[in-house]
Amino acid sequence: MSETWLLCMTAFAVAFAVTLLTTPMAKKLAYRFKAVDFPRSRGMNNEPVPRMGGLAIVLGFMCSIIVMSLFVEDFHTKKFVGFIVGAVIIVVVGMFDDIYELSAKFKLLVQIAVAVIVVFTGTKLDFIMWPMWQYLKPFSSIITVFWIVGLINAVNLIDGLDGLAAGVTTIASICLTILCALSGNTLAVVICATLAGSTLGFLPRNFAPAEVYMGDTGSTFLGYVLAVTSCIGVFKTYALLALLLSVLAMALPILDTTFAMIRRAVNHKPIMAPDRGHLHHRLVDSGLSSQQAVIVLYGLSSISCLIAVVIAIGDYRITLALLMILLVTILMIAVYGKRTDRKR
């Protein structure tokens, strides 16, 4: 266990340092290729901001992975090769989207193809192999594809405030690092620790007021890594708790996306149609500043992650207390938001 944590700290440190140092370079490249986010009705920025900064996150992640591959035997497997191939495709398409703004349908098709590559190389959600889930066994590949594509888009959709996606992903990846460490999966532990270092290294220049955005280059990559590592690590253990733990670790993007899909279906709008109904938009529209809204969402994400860790450890009294805090906080936000709307 001590060796695993040493690998974690090394992976985290390398990813953090490389991302921190290369973010200015990613910012310059974004300007050079005209990958710039100009002010718009749904946006929160009042000035043009380069949006291909996620390239620095990818560089930090990959450099750390290369170093770790010298020490972790599990990095030399077909499953890991599939993960890297999928990551490269996601990043390349993300870069083109930041520059040329690709169609949503094309991006969705690429995400499905990437998920199929991951499944084909051996990564699947094992929870459906439990006795009570036997009837779902033939659909394991399809469910895994939905999980990966869904989480890619979930993280992409919460990338609406300065520092939000990077901060929430840092919190979620630290949580997954702990969960995967408890399961004894070194590969997943190191990947999660690497992701945490990469996103935290990007945060200083991305937190409000942001001088660079991660763009689709970063957000889709983050969602992809979170999805695949949860399949590799968390879903391999904890039996019936696997799904609950993974959802709790990434509760904010998952729930926000779920509510967005329901909201758009009820309003008879396309599922992929953008709107200002996301939780971060509601917080800002209710009167909070961008920074305050992000901090509130960091808090909610942290509580849900703590609940996941406590459940995995087995202390249900603390779990209940944290769950009550989470529910009360969400209720307070909802009530405050309605009162503000009435005043307007």
Side-chain angles (χ1 to χ4, degrees), residues 15 18-19 22-38 40 42-43 45 48-65 82-118 145 147-170 172-173 191 194-195 198-199 201-203 205-206 210 212-229 250 253 257 272 274:
V18 173
T19 302
T22 58
T23 299
M25 179 194 72
K27 179 181 175 181
K28 290 180 180 179
L29 282 175
Y31 276 123
R32 181 175 180 179
F33 289 102
K34 299 181 180 179
V36 180
D37 189 41
F38 292 95
R40 48 187 171 179
R42 283 185 61 254
N45 55 310
V49 179
R51 64 182 177 198
M52 206 167 68
L55 186 59
I57 295 176
V58 177
L59 287 173
F61 183 89
M62 291 301 183
C63 286
S64 181
I65 289 298
F83 165 72
I84 291 298
V85 170
V88 171
I89 295 173
I90 283 291
V91 170
V92 170
V93 172
M95 290 174 64
F96 274 98
D97 186 43
D98 286 335
I99 298 171
Y100 301 109
E101 296 190 6
L102 306 176
S103 70
K105 289 183 179 179
F106 175 76
K107 291 186 289 184
L108 181 60
L109 288 174
V110 171
Q111 292 164 8
I112 293 173
V114 165
V116 170
I117 291 173
V118 171
V145 169
W147 174 258
I148 294 173
V149 173
L151 208 49
I152 288 174
N153 286 285
V155 176
N156 181 252
L157 287 174
I158 67 165
D159 186 27
L161 290 180
D162 297 353
L164 180 56
V168 168
T169 301
T170 300
S173 53
I191 292 176
T194 302
L195 185 64
S198 299
T199 50
F202 182 70
L203 204 51
R205 292 181 182 271
N206 182 237
V212 60
Y213 292 158
M214 66 173 65
D216 271 27
T217 304
S219 61
T220 54
F221 174 75
L222 298 185
Y224 170 78
V225 176
L226 287 174
V228 177
T229 49
M250 297 166 280
T257 301
M272 303 297 288

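Proximity of a side-chain donor or acceptor of N156 to a complementary backbone N or O of S219 within less than 3.5 Å is not detected. Under the 3.5 Å distance criterion, the side-chain polar atoms of T217 are matched with a main-chain donor or acceptor of M95. Between the side chain of T22 and the backbone N or O of M25 there is no donor-acceptor pair closer than 3.5 Å. When atom types are taken as modelled, the side chain of D159 and the backbone of A165 share no donor-acceptor pair closer than 3.5 angstrom. The closest donor-acceptor contact from the side chain of S64 to the backbone of G60 lies at 3.5 Å or more, if one exists at all.
Looking only at side-chain heavy atoms (C-beta outward), I99 and K34 stay at 4.5 Å or farther from each other. Inter-residue side-chain proximity for L55 and L29 is flagged as met; some heavy-atom pair is nearer than 4.5 Å. Side chains of Y224 and I148 form a contact here, defined as non-hydrogen atoms less than 4.5 Å apart. Looking only at side-chain heavy atoms (C-beta outward), F202 and V212 come within less than 4.5 Å of each other.
Shown here for V118 and G82, the closest heavy-atom pair between the two residues is CG2-O, 4.3 Å. The two residues A227 and W147 have their closest heavy-atom pair at O-NE1, 3.3 Å. Considering all non-hydrogen atoms of both residues, M52 and A26 come closest at O-CB, 4.1 Å. Taking all atoms of both residues into account, the shortest heavy-atom contact from V155 to P253 is N-CB, 4.1 Å. Nearest heavy atoms, R51 versus D37: NH1-OD1, 3.8 Å. Smallest separation of non-hydrogen atoms from G201 and T23: O-OG1, 4.3 Å.
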**OP:** Report the C-alpha separation of K107 and V110 in whole Å, then their side-chain angles, then the decisive distance to 0.1 Å, and conclude whether the side chain to side chain contact (heavy atoms under 4.5 Å, CB included) test is met.
**Re:** CA-CA 5 Å; K107 291 186 289 184; V110 171; 5.7 Å; no
Subject >> Test log, rule side chain to side chain contact (heavy atoms under 4.5 Å, CB included), inputs D162 and Y213 >> reply: CA-CA 8 Å; D162 297 353; Y213 292 158; 3.3 Å; yes
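Residue D97 holds its CG atom at 8.0 Å from OG1 of T220, rounded to the nearest 0.5 Å. To the nearest 0.5 Å, the span separating CD1 on I112 from CD1 on I117 amounts to 12.5 Å. Note that CG of L195 is 9.5 Å distant from CD1 of I65, once rounded to the nearest 0.5 Å. Annotation: the span from F106 atom CZ to Q111 atom CD amounts to 10.5 Å, rounded to 0.5 Å.
Just one residue in the list L151, I152, I191 forms a side chain to side chain contact (heavy atoms under 4.5 Å, CB included) with L226, and that residue is L151. Just one residue in the list T170, T194, N206, T169 forms a side-chain hydrogen bond (donor to acceptor under 3.5 Å, both in side chains) with T199, and that residue is T170.
The environment of Y31 atom OH is dense: over 12 non-hydrogen atoms of other residues, nucleotides or ligands sit within 6.0 angstrom.
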